[in-house]
Number of protein chains: 2
Amino acid sequence: MIKIGELAKISGCSVQTIRHYEKEQLLAAKLRSDGNFRLYDHADIERLLFIKHCRSLDLSLAEIRQLLTLHHSPMSQCDDVNQMIEQHIEQVERRIADLTQLNKQLKALRLSCNSKRTVEHCGILKQLNEAVSQTN
Amino acid sequence: MIKIGELAKISGCSVQTIRHYEKEQLLAAKLRSDGNFRLYDHADIERLLFIKHCRSLDLSLAEIRQLLTLHHSPMSQCDDVNQMIEQHIEQVERRIADLTQLNKQLKALRLSCNSKRTVEHCGILKQLNEAVSQTN
DNA sequence: TATTGACTCTATAGTAACTACAGAGTTTAA
DNA sequence: TTAAACTCTGTAGTTACTATAGAGTCAATA
């Protein structure tokens, strides 16, 4: 059994984050010392690293909570897990598409002020305003 | 002079968002009615649309505040504006790269549970756990 | 044993950009 | 006058952390 500081070291998560995960019902110490210190066993370490791995894949805490539930459910869980990952992939791909579009817009905007330095009418600010007029 | 509800309609921003922007010092009504209702003029409309446009480019409120300040500064502002947009482009590109990498990882993970439906050992969960072991 | 520094606890608050709701006041139309 | 729509300020919530405060526990050292 280890205390929270050791768990933090082993896992690379901060003490505060671990407490946060407990609050969010992702990982709870099964035991406390006489002094009320949280005590974690090896399964807890693995669980936290699982959570950390999922976080590195940008899965939300809610999604991770679900995965953990499925992980401890009957054998029929595989499709559910697959679906979650699929949905997550779709989200990520959508976000990539959005950002790519945004990047294009920003680059177009940047061209407005390429080499000019005609400070009286900054091309970028002008464009931002002109877009305004078009919106109207 | 128009009230906040009309401004919201014209701009496509919610009443609450407009109030939020006032609190964040992006846009403040210059006048209030006797009944203490905010009153906006045409310049305010344009300012809000400018803000909205910047938001659509994912610029933070802090960044937009800066742009607005530069917009009302002496002629030497063009380079500053350009720099801000450049930095923002870099951020966006970095984010795209991160998400693209993440997408790859997720797709690799998804292959673990491609057609199997061998629910006893879900490939995805297994991978998430195996990655854990590697981390250790 | 006493002391001290490190560790741990709970609680609270903050970050960013909204969004929702509550209760009270104002305005407008019937 | 009445009632509905609008507006106000204030408070709280969302997500995933992060920081701080004040108090308690533990372990090492003198």
Side-chain angles (χ1 to χ4, degrees), chain A residues 1-40 44 48-68 87-88 91-92 95 98-99 102, chain B residues 1-40 44 48 50-68 84 87-88 91-92 95 98-99 102:
Chain A
M1 300 296 260
I2 58 172
K3 281 174 288 182
I4 198 170
E6 292 165 81
L7 181 61
K9 262 209 208 102
I10 290 167
S11 64
C13 291
S14 72
V15 165
Q16 291 166 341
T17 300
I18 296 170
R19 286 205 203 98
H20 177 63
Y21 288 161
E22 174 174 301
K23 195 170 173 190
E24 295 295 322
Q25 318 221 313
L26 289 170
L27 168 70
K30 303 180 193 60
L31 271 185
R32 297 274 186 138
S33 72
D34 287 342
N36 202 33
F37 287 16
R38 294 168 174 80
L39 300 174
Y40 299 95
D44 294 324
L48 181 57
L49 290 171
F50 180 94
I51 291 165
K52 190 162 176 280
H53 189 199
C54 294
R55 280 301 298 136
S56 76
L57 299 176
D58 234 18
L59 289 156
S60 69
L61 296 192
E63 284 168 331
I64 297 167
R65 207 177 293 120
Q66 274 186 349
L67 280 178
L68 286 168
Q87 279 173 21
H88 192 53
Q91 282 169 29
V92 170
R95 185 67 184 141
D98 288 347
L99 285 172
L102 171 60
Chain B
M1 301 297 262
I2 57 172
K3 282 174 289 182
I4 197 168
E6 291 165 81
L7 181 61
K9 262 207 209 107
I10 290 168
S11 64
C13 289
S14 72
V15 165
Q16 291 167 340
T17 300
I18 296 171
R19 286 207 203 97
H20 177 64
Y21 288 160
E22 174 175 300
K23 197 173 171 187
E24 295 295 324
Q25 317 222 311
L26 289 171
L27 168 71
K30 304 179 192 61
L31 272 182
R32 297 272 185 137
S33 72
D34 288 341
N36 201 32
F37 286 17
R38 294 169 175 80
L39 298 174
Y40 300 97
D44 295 322
L48 181 56
F50 180 94
I51 292 165
K52 191 161 177 279
H53 189 199
C54 293
R55 282 299 300 134
S56 76
L57 299 176
D58 234 19
L59 288 157
S60 69
L61 297 193
E63 284 167 332
I64 296 167
R65 205 177 294 121
Q66 275 185 350
L67 280 178
L68 286 168
M84 272 195 51
Q87 278 174 19
H88 193 52
Q91 282 171 31
V92 171
R95 186 69 185 138
D98 288 346
L99 285 171
L102 172 61

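Letters A, B, ... are given to chains in the order of the sequence lines, protein chains preceding strands, and every chain is numbered from 1. Computed from a prediction, not measured in an experiment: that's the story for all the values here.
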Q: Using whole Å, report how far CD of E6(B) lies from P of dA5(D).
A: 17 Å

Q | L61(B) or D34(B), whichever maps to the more 5' nucleotide of DNA chain C | A | L61(B)

Q: Check L48(A), L26(A), I51(A) against I18(A) for a side chain to side chain contact (heavy atoms under 4.5 Å, CB included) and give me the one that passes.
A: L48(A)

Q. Between R32(B) and E22(B), is there a side-chain N and carboxylate O pair less than 4.0 Å apart?
A. yes

Q. Whole Å only: how far is the CD atom of E22(B) from the P atom of dC18(C)?
A. 16 Å

(Q) Below the 4.0 Å mark, does dC17(D) have OP1 or OP2 next to a side-chain nitrogen or oxygen of Y21(A)? (A) yes

Q: Heavy atoms only: give me the nearest E6(A)-I2(A) pair and the separation to one decimal.
A: OE1-CG2, 3.7 Å

Q) What is the distance from NE2 of H20(B) to P of dT9(D), rounded to the nearest Å? A) 15 Å

Q: Just compare dT9(D), dC18(C), dT10(C) and give me whichever is closest to any side-chain atom of R32(A).
A: dT10(C)

Q: Calculate, to the nearest 0.5 Å, the distance between atoms CG and OH belonging to L61(A) and Y21(A) respectively.
A: 6.0 Å

(Q) On the side chain of E24(B), is there an atom forming a donor-acceptor pair with the base of dA17(C) - under 3.5 Å, no angle test? (A) no

Q. Distance from K9(B) atom NZ to L7(B) atom CG, nearest 0.5 Å?
A. 11.5 Å

Q. Considering only side-chain heavy atoms of F37(A), which listed nucleotide, dT7(D), dA20(C), dG24(D), is closest?
A. dG24(D)

Q: From the options dC18(C), dC8(D), dC21(C), select the nucleotide whose nearest atom is closest to the side chain of R19(B).
A: dC8(D)

Q: Output the distance between atom CG (D58(A)) and atom CG (L99(B)), rounded to the nearest 0.5 Å.
A: 6.5 Å

Q | Separation of dG10(D) C1' from Q16(B) CD (nearest whole Å) | A | 12 Å

(Q) If I take atom CG in residue D58(A) and atom C1' in nucleotide dT15(D), what distance separates them, rounded to the nearest angstrom? (A) 12 Å

Q) Between C13(B) and K52(B), is any pair of side-chain heavy atoms under 4.5 Å apart? A) yes

Q) S33(A) has a side chain; which of dC26(D), dT19(C), dC9(C) sits nearest to it? A) dC26(D)

Q: Among the candidates dT26(C), dT28(C), dT19(C), find the nucleotide nearest to the side-chain atoms of T17(B).
A: dT19(C)

**Q.** For atom CD1 of I64(B) and atom P of dC18(C), their distance in whole Å
**A.** 8 Å

Q. Are OP1 or OP2 of dT10(C) and a side-chain N or O of R38(A) less than 4.0 angstrom apart?
A. yes

Q. How sharply is the helix from dT1(C)-dA30(D) to dA30(C)-dT1(D) bent, taking the axes over five pairs at either end and rounding to 10 degrees?
A. 30°

Q: Can you tell me the distance, in whole Å, between the CG atom of L31(B) and the P atom of dT7(D)?
A: 16 Å

Q: Can you tell me the distance, in whole Å, between the CG atom of L7(B) and the C1' atom of dC6(D)?
A: 15 Å

